[in-house]
Amino acid sequence: MKRILITGAAGQIGTELGARLADRYGPGAILATDIRAPSVWAGTAPAEQLDCLDLVALRDAVKRFRATHIVHLAAVLSAAAERDPARAYRINMGGLVNVLQVAAECVCGVFTPSSIAVFGPDTPRDPAPQSTLQRPTTMYGVTKVAGELLCDYYHTRFGVDARGLRFPGLVSYTAPPGGGTTDYAVDIFHAALDTGRYTCFLEADTRMDMMYMPDAIRAILELLEAPSENLVHRNAFNISSMHFTPAELADAIRVHIPGFEIHYAPDPLRQAIADSWPTRLDDSEAREQWGWCPEYELPDMVADMFRGLGKRLARHGSGSAGR
Ligand code: SER
């Protein structure tokens, strides 16, 4: 039976993944950790404060909990990384190398997300193959490419059962994303409900690969369960489900909020990041090796986002659904 320690558990992915893992393996089998104190974020699973840059504390937590797996989510996302590249390098690389070292010592499996950001302007854009040029132009991308290589290295050199997925932009309503280039696709829903209008920091026709969080969470669970011998790629699998522009997302929102208005004030930093990424990933190897298949298309996602945000609004009273 798996016993899973999660780092970065208070983030956009961790908030939903922690709950799903607790449902799947039992709350006692999950230890949710984050650099933020649990009093402000913890859900149902046991939780504690942990800085993954502190190797001794990380090792101690893994041993004490008798973890069989580490799900390492703590990271600085793309736009935030460009604002302070040295900090992003320190956190993204330092955290992962500590996790892999402890996993090797304590014989734990590791799951850590990679990203569409591992690709750069030289990569074929539509679709980006599983194995192709990876020459990113962002610090986030640099740390994610190096992270994929580190996971491969710890797998072949020390036998660590490392697994990973290259996520596109993730859309969800439970917890906000923190500093990504794709965050507009979450912010736009809150703005639509709050004020009926949104000013987008990307141009109208910027097509990006995106995924609804329930598909992303299911992908993690399925990859964690996949037989090791089926996996040719360790770090990391391309996965994909939908690709849209801000203008197309606004049209899909108007099906629910007819008067919704979108304006554009592109931010050069985030526009340049978006323009350097492929618009779609070729996920055929994930489909073949562990049965990946997305469920949500744009209209289903938009309908479900409004259902979820509506429920949160009803629970929290007013404002952006408790953000
Ligand atoms: N959503 C991420 C970002 O924009 C991509 O992995 O940084």
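Residue numbers run from 1 in the order of the sequence given. Order of appearance sets the numbers: ligands from 1, and atoms from 1 within every ligand. Remember, predicted model here, so these are calculated numbers, not experimental data.
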Derivation and outcome, side chain to side chain contact (heavy atoms under 4.5 Å, CB included), residues Asp161 and Arg163: CA-CA 7 Å; Asp161 186 353; Arg163 303 174 182 208; 2.9 Å; yes
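- Every atom of ligand 1 is numbered from 1 in the order shown, and the set under 4.0 Å from a heavy atom of Leu77 is 7 (O).
- In terms of N/O distances under 3.5 Å, ligand 1 is not approached by Trp277.
- In terms of protein heavy-atom proximity, atom 1 (N) of ligand 1 is nearest to Thr182 OG1, 2.7 Å.
- The aromatic rings of His233 and Phe237 lie perpendicular to each other, with more than 60° between the two planes, well past the 30° mark.
- Note: an N/O pair closer than 3.5 Å links Ser78 and ligand 1 by distance alone.
- Within the listing of ligand 1, atoms 3 (C), 4 (O), 7 (O) sit less than 4.0 angstrom from a heavy atom of Thr181.
- In the vicinity of Ser115, heavy-atom distances shorter than 4.0 Å reach the ligand 1 atoms 5 (C), 6 (O).
- Against a heavy-atom cut-off of under 4.0 Å, Gly180 is close to the following atoms of ligand 1: 3 (C), 4 (O), 7 (O).
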Would Glu82 and Arg270 count as a salt bridge (Lys or Arg N to Asp or Glu O under 4.0 Å) if you check the C-alpha gap in whole Å, the side-chain angles of each, and the deciding distance to 0.1 Å? CA-CA 9 Å; Glu82 286 317 295; Arg270 286 176 284 186; over 6 Å; no
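- The aromatic rings of Phe306 and His256 are tilted relative to each other, their planes meeting at an angle between 30° and 60°.
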Carefully, step by step, assess Lys2 and Tyr25 under the rule side chain to side chain contact (heavy atoms under 4.5 Å, CB included). CA-CA 7 Å; Lys2 291 184 174 50; Tyr25 300 107; 3.5 Å; yes
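- Counting only N and O atoms by type, the side chains of Gln271 and Asp275 include a donor and acceptor under 3.5 Å apart.
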